[in-house]
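Both backbone and side-chain heavy atoms feed into the values below; hydrogens, waters and symmetry mates do not.
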Amino acid sequence: MTEIIYYVAASLDGYIATPDGGVGWLSEFEGGDTDYGYADFLASLDAVLIGRRTYEQVLTFGSWPYTGKPCWVFSHAELAPAAPEVTITSAAPREVAAEMAARGLHRAWMVGGAELAAAFRAAGLITEYHVAIMPVILGGGIPLFGAPGPIDRLELMDSTPYPNGVVMLWYRYQPQ
């Protein structure tokens with residue numbers, strides 16, 4: 001089975017974006033000498049999973065950031081692939097997970113968004129949660145998960161506080 005990791009930044013009150021999908025509030029935490037383990041994490045991945053709105057937002061950031069990694073974009077809309085390794089799909093999470101396993105892919109990053117994370121979580125497919133809690137309260141927006149789901153038990157694997165107030169939390173899903 002392919003490990004699926006939801007690696008995401010969230011405000012202290014549990015939002016990953018403003019109500020209009022904006023993530024500009026994260027810019028003050030980017031750059032500098034601290035990457036919060038991102039480079040090592042990205043290097044450890046075999047594949048990327050991304051929702052349509054997040055995909056469209058990533059395309060506005062410049063060059064395709066996941067070159068060389070198979071990427072599945074979940075959408076019911078017609079979209080143009082940004083790179084040869086991008087597959088636009090309306091398949092169910094279990095189907096894509098099975099395809100990744102059949103291709104021998106070991107680790108996949110669920111980039112976002114909240115609805116996609118909720119669908120993979122409901123299917124019991126997220127194996128780890130890497131959440132950067134940002135020292136910001138947005139007061140509303142797009143929640144960490146787009147829909148309610150079952151109670152999931154998680155085991156804390158590690159945590160790292162940073163001087164700027166960011167706290168990285170690593171959890172492993174504990175199936176019941």
Side-chain angles (χ1 to χ4, degrees), residues 1-11 13-17 19 21 23 36-38 40-59 64-66 68-83 85-134 140-159 168-176:
M1 179 172 142
T2 304
E3 288 186 326
I4 298 174
I5 298 101
Y6 187 29
Y7 181 105
V8 63
S11 63
D13 54 346
Y15 297 102
I16 61 172
V23 293
Y36 311 103
Y38 177 77
D40 290 339
F41 172 72
L42 188 60
S44 77
L45 300 170
D46 299 314
V48 175
L49 306 166
I50 190 167
R52 179 190 57 82
R53 285 188 291 266
T54 304
Y55 174 71
E56 289 173 341
Q57 189 171 59
V58 166
L59 293 178
W64 181 243
Y66 314 116
K69 296 186 187 302
C71 175
W72 284 264
V73 177
F74 291 79
S75 177
H76 294 287
E78 292 287 327
L79 298 172
E85 57 270 8
V86 173
T87 300
I88 310 299
T89 185
S90 60
R94 286 194 186 284
E95 292 175 55
V96 173
E99 183 179 344
M100 287 190 302
R103 289 176 62 175
L105 303 173
H106 301 287
R107 285 175 56 89
W109 175 18
M110 179 170 305
V111 178
E115 291 177 24
L116 184 62
F120 271 79
R121 179 176 169 252
L125 295 171
I126 299 177
T127 55
E128 292 181 14
Y129 297 84
H130 298 194
V131 183
I133 302 297
M134 311 309 276
I142 298 173
L144 193 57
F145 294 97
I151 294 174
D152 285 335
R153 301 287 181 224
L154 306 175
E155 172 190 1
L156 180 64
M157 297 167 24
D158 200 359
S159 63
M168 282 296 304
L169 302 168
W170 290 271
Y171 288 97
R172 179 167 288 285
Y173 170 64
Q174 297 295 307
Q176 301 298 313

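At a threshold of 4.5 Å between non-hydrogen side-chain atoms, the residues E3 and E128 count as touching. Side-chain contact between P81 and T87 is absent, with no heavy-atom pair separated by less than 4.5 Å. A heavy-atom distance below 4.5 Å is not found between the side chains of M157 and L169. Side-chain contact between L59 and W64 is present, with at least one heavy-atom pair separated by less than 4.5 Å. Between Y15 and I142, every side-chain heavy-atom pair lies at or beyond the 4.5 Å cut-off. Annotation: side chain of E56 is not in contact with side chain of T54 (no heavy-atom distance under 4.5 Å). Between K69 and L45 the shortest side-chain heavy-atom distance falls below 4.5 Å. You'll find the side chain of L156 stays beyond 4.5 Å of the side chain of W170, heavy atoms only.
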Working for side-chain contact (heavy atoms from CB on, under 4.5 Å), residues I88 and R52: CA-CA 9 Å; I88 310 299; R52 179 190 57 82; over 6 Å; no
Carefully, step by step, assess W72 and Y55 under the rule ring-ring contact (aromatic ring centres under 6.0 Å, His included). CA-CA 10 Å; W72 284 264; Y55 174 71; over 10 Å; no
Full working for side-chain contact (heavy atoms from CB on, under 4.5 Å) between M134 and S11: CA-CA 5 Å; M134 311 309 276; S11 63; 5.6 Å; no
Determine whether T89 and E95 satisfy the following criterion, side-chain contact (heavy atoms from CB on, under 4.5 Å), listing intermediate values before the conclusion. CA-CA 10 Å; T89 185; E95 292 175 55; over 6 Å; no
Please lay out, stage by stage, how V23 and Q57 fare under the test side-chain contact (heavy atoms from CB on, under 4.5 Å). CA-CA 9 Å; V23 293; Q57 189 171 59; 3.9 Å; yes
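Between the side chain of D46 and the backbone N or O of H106 there is at least one donor-acceptor pair closer than 3.5 Å. Looking at Y6, its side chain does come within 3.5 Å of a backbone N or O of L144 through a donor-acceptor pair. A distance-only check finds no donor-acceptor pair linking the side chain of Q174 to the backbone of L154 [under 3.5 Å]. Checked by atom type and distance alone, the side chain of E115 never pairs as donor or acceptor with a backbone atom of G51 at under 3.5 Å. A donor-acceptor contact shorter than 3.5 Å links the side chain of R94 to the backbone of A123.
Scanning both residues, A47 and L105, for their nearest heavy atoms gives CB-CD1, 4.0 Å. Minimum heavy-atom separation, P19 to G140: CD-O, 3.9 Å. Nearest heavy-atom pair, A101 versus T2, reported as atom, atom and distance to 0.1 Å: N-OG1, 3.4 Å. For A119 against P93, the heavy-atom pair with the smallest separation is CB-CG, 4.0 Å. Summarising the geometry of Y66 relative to E85, their closest heavy-atom pair is O-OE2, 3.7 Å, with the distance given to 0.1 Å. Nearest heavy atom pair, residue P143 against residue A114, reads O-CB, 3.0 Å.
Put simply, CG on L49 and CG on L116 are 6.5 Å apart, with the number rounded to the nearest 0.5 Å. The CG atom of D152 sits 5.0 Å away from atom OH of Y173, with the distance rounded to the nearest 0.5 Å. Summarising the geometry, atom CG belonging to L125 is positioned 5.0 Å from atom CD1 belonging to I4; distances are rounded to the nearest 0.5 Å.
With sequence neighbours excluded, the residues satisfying ring pair (Phe, Tyr, Trp, His ring centres under 6.0 Å) with F41 are Y7, W109, H130.
The cationic group of R121 lies under 6.0 Å from the six-membered ring centre of F145 and within 45° of the ring axis, placing it in a cation-pi geometry.
The environment of CZ in R172 is crowded: more than 12 heavy-atom neighbours from other residues, nucleotides or ligands sit within 6.0 Å.
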